[in-house]
Amino acid sequence: MSKESPANSLKQEDEARLEDAKRERDQVEVDGVSETLLDLRMYHELNAGSLVVDPEEAKIEFGEAVASRLKLPRDGTKVLWPQPTDDPEDSQNWSERRKIIPLVIITLAAIIPDFDSGIGIAAIFALVEQFNTMTGVIDNLTSNWSIFLLGWGSVFAIILMRRYGRLPVLFWSQVIAAGFLIGVTFAPNLATFAGMRCLTAFFATCPQVTGLFVVTDMFPFHKQARMLNFWTMGFLVSPFLSPSAFGFLVARANWRWSYGIGSTYSVVITLIIAFFGEETLLHVMHSLYRMYDRRLTDIPRRVHSGFRYRIETLIGITCARLAKYRDTLWHSFKEPLRLVWRLQLIGVLAFEAMLFGFGIGINVTNAVFLAEPIEIGGFAWGPFAIAGGYGTPIVGVLLGELFGRYVNDFIANAYIRRSHGVFDAEARLWACYVAVPLYICGFVLLGTSLQNHMSPGALIMGWGIAEFAIMVNTTAVYAYANNCFPKSQGAISALLNLFRTLGGFAVAYFQVPWASKNGALQTFGCEVAIVAGLFLLVVPLTQWKGKAMRARRSLVGLSRM
């Protein structure tokens, strides 16, 4: 008989613990009164998507004895989920300053993939001249396929993270991506340029799936939406930063300078990750399934410390030694497949894919729309005007981040008051009711202004409103999925990243020809009709039946996701 692997043994013990928690709850004596003792370390996972947040409601729900053991923030207004342990290395116990540093780092890193992809938008006409081709060829060979690979690269990154840890995968993926971007900078021909650019996107996407880990590791439930809002802002604003900044540069210098600066930024962020990134926690022997396992009661201490330990952790030696205790690569590969068909998730993924995807299409094709001569339906803008125009979506995203920072908290707090201190994940989707009407208005105004050659002010307003709406909606979807599946941040990030890129990579293939033939208003009108239809089909139904869908999942099934 073959010897059972440590990982399988640990999973069986975990399933047995979950079954015991479901079947019967321990009885304890507190001040002479018998009370039901919940496993507070696992409650936010066992009851995923429905959490008792109000301390007074917790006394009714759990009993006085259990409620007295719950940890609250300093103001005492909410129950902390997940419950922090007494371990000072628990990232929930870190100071606010120590938490903000890795959040800022991962946000700066999340800018890289789409920022690098967007450089091609700024340089598109210079590339046409360099490689003696057409704008459609450049978009189809480089922009579209690099966007496509952004999604699949995220799935690849998550599989490796579950086996070898976050920090080494993040570090090495950025090293490799920076190397390929340097290759793009010096590419002698179009085939090399396209290949290097696609490989850059595939490896650079890792930070866009790591942020959800970082936020949920460090911040309690009631702060997560605000922090997710900040992180998503990074990769939402990034595809507009490079066209805006480098559009001015490419107009006066060789296009290779723009990719050279992009390579420098990638190298700088990689060095920041190396010096300041933390494998929350660094003592990865805690990381049997995730970065910090709150279910472990007898927590081992670090066996090494200091500079050598940090280097070994950064480059992956420490995690490689512990890989036998983690999920296998095959099990890690299956995790997204187990989640994607969940009824409370698949519809929301499809809705976000179309909403975000058409936004990607605008970003890729607007440079062409704006530069085309007036005689064939364009605006005949020069490179400086186009670069300035790409400042519009930047402002829209930043305003969306500012709006979402307070609105998501307002929605959550209002729902908690109305539901007697209990929060359900479906409440996150109320922000979509704000975002979708604005999205429709923005796209219709943008299409009308392009088709009828309205003033630049109309075009700017339409584009900005559309990006504002995408920012608000994306944060709501990330927060909802995270609340529904608190043990599967990696798979959730990978699926959302995959769906949004699959929804957008092909838009550039048909958007410009369609608009040239039938008008931009018809093109953008049909796109918003698809988004509005999916919204009406998915969001109200998910809010109505989402809690019942979550309730069907057995505890054992939850533990295996």
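Both backbone and side-chain heavy atoms feed into the values below; hydrogens, waters and symmetry mates do not.
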Chemist: Does the side chain of F356 come within less than 4.5 Å of L236's, by heavy atoms?
Modeler: yes
Chemist: Taking only residues two or more places apart in sequence or in another chain, which ones pass salt bridge (charged side-chain N to carboxylate O under 4.0 Å, His left out) with R256?
Modeler: none
Chemist: Does W257 have more than 12 heavy atoms from other residues, nucleotides or ligands lying within 6.0 Å of its CH2?
Modeler: no
Chemist: Assess whether a salt bridge exists between E426 and K547, defined as any Lys/Arg side-chain N lying under 4.0 Å from an Asp/Glu carboxylate O.
Modeler: no
Chemist: Within this structure, what is the CH2-CG distance for the pair W381 and L459, rounded to the nearest 0.5 Å?
Modeler: 5.5 Å
Chemist: Could you report the tightest heavy-atom contact between P437 and C432, atom names first, then the distance?
Modeler: CD-O, 4.2 Å
Chemist: Under the side chain to side chain contact (heavy atoms under 4.5 Å, CB included) test against I138, which residue among T135, T142, N140 passes?
Modeler: T142
Chemist: Measure across G391 and S244 and return the closest heavy-atom pair with its distance rounded to 0.1 Å.
Modeler: N-OG, 3.9 Å
Chemist: Regarding T475 and T232, is there a side-chain donor-to-acceptor distance under 3.5 Å anywhere?
Modeler: yes
Chemist: Is it true that Y433 and F535 have ring centroids separated by less than 6.0 Å?
Modeler: yes
Chemist: Please confirm whether the backbone N or O of N363 pairs with a side-chain atom of Y390, one donor and one acceptor, at under 3.5 Å?
Modeler: yes
Chemist: Check E467 against G359 and note the closest heavy-atom contact, atom names and distance.
Modeler: OE2-O, 4.2 Å
Chemist: Would a 4.5 Å heavy-atom cut-off, applied to side chains only, mark M161 and T210 as touching?
Modeler: yes
Chemist: Is there a side chain to side chain contact (heavy atoms under 4.5 Å, CB included) between I346 and F499 once you walk through the steps?
Modeler: CA-CA 10 Å; I346 183 63; F499 271 70; 4.1 Å; yes
Chemist: The criterion is side-chain contact (heavy atoms from CB on, under 4.5 Å); which residues satisfy it with E96, sequence neighbours excluded?
Modeler: K99, F219, K223
Chemist: Hey, what do you get for CG (N482) to CD (Q224), rounding to the nearest 0.5 Å?
Modeler: 5.5 Å
Chemist: S266 and L181: which non-hydrogen atoms are nearest, and at how many Å?
Modeler: OG-CD2, 3.9 Å
Chemist: Taking A201's backbone N and O only, do any of them form a donor-acceptor pair with T205's side chain (distance below 3.5 Å, no angle check)?
Modeler: no
Chemist: So do the side chains of N452 and L521 get within less than 4.5 Å of each other, counting heavy atoms only?
Modeler: no
Chemist: How about N366 and F369: do any of their side-chain heavy atoms sit closer than 4.5 Å?
Modeler: yes
Chemist: Can a donor-acceptor pair be found, under 3.5 Å and without considering hydrogens, that links the side chain of S242 to the backbone of I119?
Modeler: yes
Chemist: Does any N or O in the side chain of S258 come within less than 3.5 Å of the main-chain N or O of W255, such that one atom is a donor and the other an acceptor?
Modeler: yes
Chemist: Please check if the number of heavy atoms outside F410 that lie under 6.0 Å from its CZ is greater than 12.
Modeler: no
Chemist: As a quick check of understanding, evaluate side chain to side chain contact (heavy atoms under 4.5 Å, CB included) for V407 and V472, giving each step before the final call.
Modeler: CA-CA 9 Å; V407 167; V472 173; 5.9 Å; no
Chemist: Taking the side chain as every heavy atom from C-beta outward, state whether T365 and V507 have any atom pair closer than 4.5 Å.
Modeler: no
Chemist: Donor-acceptor pair, Y478 side chain versus N473 backbone, under 3.5 Å?
Modeler: no
Chemist: Taking the six-membered ring of Y415, is the NZ or CZ of R428 close enough (under 6.0 Å from the centre) and on axis enough (within 45°)?
Modeler: no
Chemist: Give a yes or no on this: more than 12 heavy atoms of other residues, nucleotides or ligands lie within 6.0 Å of atom CZ of F510.
Modeler: yes
Chemist: Considering only heavy atoms from C-beta outward, does the side chain of S154 approach that of I158 to under 4.5 Å?
Modeler: no
Chemist: Using 30° and 60° as the class boundaries, would you call the ring planes of F358 and F443 parallel, tilted or perpendicular?
Modeler: perpendicular
Chemist: Between atom CG of L496 and atom CG of L349, what is the distance when rounded to the nearest 0.5 Å?
Modeler: 5.5 Å
Chemist: Does L167 form a side chain to side chain contact (heavy atoms under 4.5 Å, CB included) with I273? I'd like the steps, not just the answer.
Modeler: CA-CA 8 Å; L167 186 58; I273 292 170; 4.1 Å; yes
Chemist: Strictly distance-based, threshold 3.5 Å: is any side-chain N or O of Q451 a donor or acceptor partner for the main-chain N or O of A520?
Modeler: yes
Chemist: Kindly state whether the ring of F193 and the ring of Y259 have centres lying under 6.0 angstrom apart.
Modeler: yes
Chemist: Would you kindly say whether Q208 and S493 are connected by a side-chain donor-acceptor distance under 3.5 Å?
Modeler: no
Chemist: Would you name the heavy atoms of T392 and G464 that are closest together and state the gap between them?
Modeler: CG2-N, 3.6 Å
Chemist: Check whether the side chains of S143 and R197 place a donor and an acceptor atom closer than 3.5 Å, and report yes or no.
Modeler: yes
Chemist: Roughly how far, to the nearest 0.5 Å, is the CG atom of L127 from the CG atom of L190?
Modeler: 8.5 Å
Chemist: Tell me, yes or no, whether the heavy-atom count around W514 atom CH2, taken from other residues, nucleotides or ligands under 6.0 Å, exceeds 12.
Modeler: yes
Chemist: State whether a side-chain donor-acceptor pair under 3.5 Å links T216 with Q489.
Modeler: yes
Chemist: Let me confirm one number: the CZ-CZ distance from F203 to F180, rounded to the nearest 0.5 Å.
Modeler: 5.5 Å
Chemist: Any donor and acceptor pair, going by atom type alone, linking the side chain of N408 with main-chain N or O of G404 inside 3.5 Å?
Modeler: yes
Chemist: Is any side-chain heavy atom of W172 closer than 4.5 Å to one of C206?
Modeler: no
Chemist: Would you find more than 12 non-hydrogen atoms of other residues, nucleotides or ligands less than 6.0 Å from M461 atom CE?
Modeler: no
Chemist: Between the side chain of S117 and the main-chain N/O of D114, is any donor-acceptor distance below 3.5 Å?
Modeler: no
Chemist: Shortest non-hydrogen contact from T107 to W231?
Modeler: OG1-CA, 3.7 Å
Chemist: Let me see the working for M471 and M233 under side chain to side chain contact (heavy atoms under 4.5 Å, CB included), right down to the final yes or no.
Modeler: CA-CA 7 Å; M471 176 71 215; M233 177 269 296; 3.8 Å; yes
Chemist: Of L212, V214, T474, which meets side chain to side chain contact (heavy atoms under 4.5 Å, CB included) against L228?
Modeler: L212
Chemist: Measuring only between side-chain heavy atoms, which start at C-beta, is L149 closer than 4.5 Å to L199?
Modeler: no
Chemist: Just checking, any donor-acceptor pair under 3.5 angstrom between side chains of S91 and D217?
Modeler: no
Chemist: Between F221 and F423, is the ring pair (Phe, Tyr, Trp, His ring centres under 6.0 Å) condition met? List the steps.
Modeler: CA-CA 10 Å; F221 155 80; F423 180 82; 4.9 Å; yes
Chemist: Which value, rounded to the nearest 0.5 Å, describes the distance between I386 atom CD1 and I124 atom CD1?
Modeler: 9.5 Å
